[in-house]
Amino acid sequence: MSSYRVAVTGGAATGKSTVCGYIQDLGFEVLSLDDVGHEVLEQAQTRTKISEALGLGEDWTRDDLRSAVLKSSGARRQLNAITHPIILKRMNESSVHFVEVPLLVETCIQHYFQEIWLVDCGKVEQLRRLTVRLNSVAKARQFVASQLPIESKYFFADLIVRTNEPESNVQRYVSERIESIRDLIL
């Protein structure tokens, strides 16, 4: 089997899941590193390490973890040091060619991929989508401000998928790109 791997990345509410759905509709599996990360956080051994490293109680919740990480960049680094090696190991053991990696650039793992697709919908549309998702303009603005600006990710992208275009255009664009790399992924 080919080792050609494509990262699908972008900011919150830019349409990564939509693009991944189109990829799946074309018959390809997509591995979500967010989903893998959630599974890793549920492992007893991982929970114990996080509890000890961050000084959280035994029964910490995701809200407790989020709060600790937001208060301290050191806590974020400790969390990443515990979870990222496990997540990357799972990814590398997988034979899946398409991987949804929301924090690709932030975690500096671009070298694991032969191709990077950046999903973007523009700032106005992203804010609109996040406002609907979070039910708050203020929270949406705060969330966008806490992320690496999407413009800084353009340098790493082999392909920009703009999801503020008509759905049929986005589907066709994804389909045409997959067709152009089909020999590399099969």
Side-chain angles (χ1 to χ4, degrees), residues 1-41 76 79-80 83-130 132-134 140 143-186:
M1 178 169 281
S2 168
S3 62
Y4 198 85
R5 189 166 275 164
V6 177
V8 178
T9 192
T14 57
K16 295 179 304 294
S17 296
T18 298
V19 169
C20 289
Y22 298 155
I23 293 167
Q24 290 170 321
D25 290 346
L26 293 167
F28 294 94
E29 187 177 352
V30 177
L31 176 67
S32 166
L33 292 193
D34 267 357
D35 290 349
V36 173
H38 292 307
E39 292 170 13
V40 167
L41 286 177
R76 181 185 303 272
L79 173 65
N80 292 347
T83 59
H84 286 186
I86 301 166
I87 294 167
L88 289 174
K89 182 175 187 267
R90 290 228 190 130
M91 181 187 77
N92 287 328
E93 290 172 345
S94 167
S95 60
V96 174
H97 295 290
F98 294 93
V99 183
E100 183 180 7
V101 192
L103 300 177
L104 177 79
V105 174
E106 294 85 341
T107 55
C108 301
I109 61 170
Q110 304 89 313
H111 62 281
Y112 286 98
F113 300 91
Q114 287 66 47
E115 193 165 311
I116 297 170
W117 294 7
L118 178 62
V119 181
D120 191 12
C121 63
K123 290 180 182 182
V124 172
E125 179 63 12
Q126 180 186 25
L127 186 60
R128 186 196 68 75
R129 291 175 185 179
L130 264 177
V132 169
R133 183 182 296 173
L134 300 174
F143 199 91
V144 170
S146 74
Q147 293 195 321
L148 187 65
I150 198 146
E151 295 82 9
S152 62
K153 299 178 182 188
Y154 274 55
F155 174 77
F156 300 96
D158 297 295
L159 182 75
I160 309 289
V161 182
R162 300 193 187 281
T163 59
N164 54 335
E165 304 260 331
E167 183 177 10
S168 60
N169 290 358
V170 180
Q171 287 174 314
R172 185 175 57 254
Y173 190 57
V174 168
S175 178
E176 287 171 357
R177 183 59 186 166
I178 288 176
E179 191 57 40
S180 74
I181 62 171
R182 184 173 291 278
D183 291 342
L184 298 171
I185 58 179
L186 291 180

For residues [X] and [Y], determine if any side-chain heavy atom of one lies less than 4.5 Å from a side-chain heavy atom of the other.
X: N80; Y: T107; value: no
X: R172; Y: E167; value: no
X: V105; Y: S152; value: no
X: D120; Y: V161; value: no
X: Q126; Y: R129; value: no
X: F113; Y: V6; value: no

Checklist entry - After noting the C-alpha distance and the side-chain angles of N92 and R5, does the key distance pass the side chain to side chain contact (heavy atoms under 4.5 Å, CB included) rule? => result CA-CA 10 Å; N92 287 328; R5 189 166 275 164; 3.7 Å; yes

Does the pair [X]/[Y] count as a salt bridge with the N-to-O cut at 4.0 Å?
X: E106; Y: K153; value: yes
X: E115; Y: R177; value: yes
X: R90; Y: E93; value: no
X: E151; Y: K123; value: yes

Item to check | Any pair counted as ring pair (Phe, Tyr, Trp, His ring centres under 6.0 Å), so long as it reaches residues 7-40, sequence neighbours left out | outcome: F28-F98

Checklist outcome for this item: Residue pairs passing the ring pair (Phe, Tyr, Trp, His ring centres under 6.0 Å) test with at least one member in residues 147-186, sequence neighbours excluded, are none

Item to check | Test side chain to side chain contact (heavy atoms under 4.5 Å, CB included) applied to L31 and V36, step by step | outcome: CA-CA 8 Å; L31 176 67; V36 173; 3.8 Å; yes

Next on the checklist: So, applying side-chain contact (heavy atoms from CB on, under 4.5 Å) with C121, which one of T18, N164, L127 is it?
Outcome noted: N164

Separation between [atom1] of [X] and [atom2] of [Y], rounded to the nearest 0.5 Å:
X: Q24; Y: S17; atom1: CD; atom2: OG; answer: 9.0 Å
X: W117; Y: I178; atom1: CH2; atom2: CD1; answer: 4.5 Å
X: I150; Y: L118; atom1: CD1; atom2: CG; answer: 4.5 Å
X: L148; Y: L103; atom1: CG; atom2: CG; answer: 9.5 Å
X: S32; Y: M91; atom1: OG; atom2: CE; answer: 12.5 Å
X: Q114; Y: S3; atom1: CD; atom2: OG; answer: 5.5 Å

Indicate yes or no for a side-chain donor-acceptor contact from [X] to the backbone of [Y] under 3.5 Å, with no hydrogens or angles considered.
X: T83; Y: L79; result: yes
X: Q147; Y: A12; result: yes
X: K16; Y: G11; result: yes

Distance-minimising heavy-atom pair for [X] and [Y]:
X: L130; Y: A13; result: CG-CB, 3.7 Å
X: E100; Y: V30; result: N-CG1, 4.1 Å
X: I87; Y: L33; result: CG2-CD2, 4.0 Å

Checklist entry - Run the side chain to side chain contact (heavy atoms under 4.5 Å, CB included) check on V174 and I23 step by step: do they pass? => result CA-CA 7 Å; V174 168; I23 293 167; 4.0 Å; yes

Next on the checklist: Let's go through L159 and I116 carefully: what are the C-alpha distance in whole Å and the side-chain angles of both, what is the deciding distance for side chain to side chain contact (heavy atoms under 4.5 Å, CB included) to 0.1 Å, and is it a yes or a no?
Outcome noted: CA-CA 7 Å; L159 182 75; I116 297 170; over 6 Å; no

Next on the checklist: Determine whether T14 and R162 satisfy the following criterion, side-chain hydrogen bond (donor to acceptor under 3.5 Å, both in side chains), listing intermediate values before the conclusion.
Outcome noted: CA-CA 8 Å; T14 57; R162 300 193 187 281; over 6 Å; no

